[in-house]
Amino acid sequence: LQQTPVRAAMNTIQQLMMILNSASDEPSDNLVSYFNNCTNLSCVFKQKFAEAVGQGCIEIGSQRYRLGVRLYYRVMESILKSEEKRLSIHNFSKLLNNNIFHVSLLACALEVVMATYGTPRNASLNDRTIMETDLSFPWIINILDLKAFDLYKVIESFIKAEPNLTREMIKHLECCEHRIMESLAWQSDSPLFELIKQSKERDGQADQLEPVGN
Amino acid sequence: TQDYHFGLEEGEGISELFDCD
């Protein structure tokens, strides 16, 4: 039979269907196992916690991480409810597909947990010394490979969204904010510089449009 | 939260900070 454009298209579709008819809508067990072998934030946190505090404290690291995750979900729901009310929208695809938002929120939740618990009681004296120096802010942003300025962006919303934070914890988060604004946000790889550049460009355009007298 | 200095403008929220409309 002569190959017409329509027949060629039909054949291509048929070929694709033949390949995919027996394929699954879900990842195979093999693929799931590859996914499960990926390093995730939970692994990173537990590993770095154990490195800083001592391998005997792995379980404490897991507990701290679980608490951080609970707080992350709780605050995220509260933030979304308040954004829903403020913006009258129910679809948060853009925000919820933003990985930096999630890591920032999780980092803030973990910082609250870490600052609340402080030093594990059963850590040895040497371990305690390491922990006090290594696990305090900005340890969390370093191990999660998060830019300080991105953490800064969630702190205020976090405080507003969680009414049960103690006055001390609010002060602690405020101190983190100050450290970010005073030094950490000005490191050479900070996203702040790009924002300043964009802002200057916008201002430049606005200046050009405005009559000289204004 | 009475001692905390809020930096977001009135009517602004986290969506704006993460470039969401």
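Naming: A, B, ... by sequence-line order, numbering from 1 per chain.
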S.K.: Which value, rounded to the nearest 0.5 Å, describes the distance between B/Glu16 atom CD and A/Lys153 atom NZ?
M.R.: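 Between B/Glu16 CD and A/Lys153 NZ, I get 12.0 Å after rounding to 0.5 Å.
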S.K.: Under 4.5 Å heavy-atom distance to chain B, tell me which part of A/Glu156 shows up: side chain, backbone, both or neither.
M.R.: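 Backbone plus side chain of A/Glu156, per the 4.5 Å heavy-atom cut-off to chain B.
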S.K.: Just how far is it from atom OG of A/Ser104 to atom CG of B/Leu17, taken to the nearest 0.5 Å?
M.R.: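 Those atoms lie 10.5 Å apart.
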S.K.: Counting heavy atoms not belonging to A/Asp145, are there more than 12 under 6.0 Å from its CG?
M.R.: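 It does not: A/Asp145 CG has 12 such atoms or fewer within range.
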S.K.: Which atoms form the tightest heavy-atom contact between B/Gly13 and A/Glu83, and what is the distance?
M.R.: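 Taking B/Gly13 first and A/Glu83 second, the nearest heavy atoms are CA-OE1, 3.8 Å.
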S.K.: For atom CD of A/Glu77, is the number of surrounding heavy atoms from other residues, nucleotides or ligands below 6.0 Å larger than 12?
M.R.: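 12 or below, so no.
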S.K.: Applying side chain to side chain contact (heavy atoms under 4.5 Å, CB included) to A/Lys160 and B/Ile14, what does each step give before you reach the verdict?
M.R.: CA-CA 11 Å; A/Lys160 279 182 180 165; B/Ile14 202 156; over 6 Å; no
S.K.: Do other residues, nucleotides or ligands put more than 12 heavy atoms under 6.0 Å from A/Arg70 CZ?
M.R.: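 For A/Arg70, atom CZ is not crowded (no more than 12 foreign heavy atoms under 6.0 Å).
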S.K.: May I ask you to check whether over 12 heavy atoms, not counting those of B/Glu9, lie within 6.0 Å of atom CD?
M.R.: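 Atom CD in B/Glu9 is not packed in, count stays at 12 or less.
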S.K.: Non-hydrogen atoms of chain B under 4.5 Å away: do they reach the side chain of A/Leu165, the backbone, both or neither?
M.R.: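 No part of A/Leu165 comes within 4.5 Å of chain B.
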S.K.: Do other residues, nucleotides or ligands put more than 12 heavy atoms under 6.0 Å from A/Phe193 CZ?
M.R.: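 More than 12 heavy atoms, drawn from other residues, nucleotides or ligands, come within 6.0 Å of this atom.
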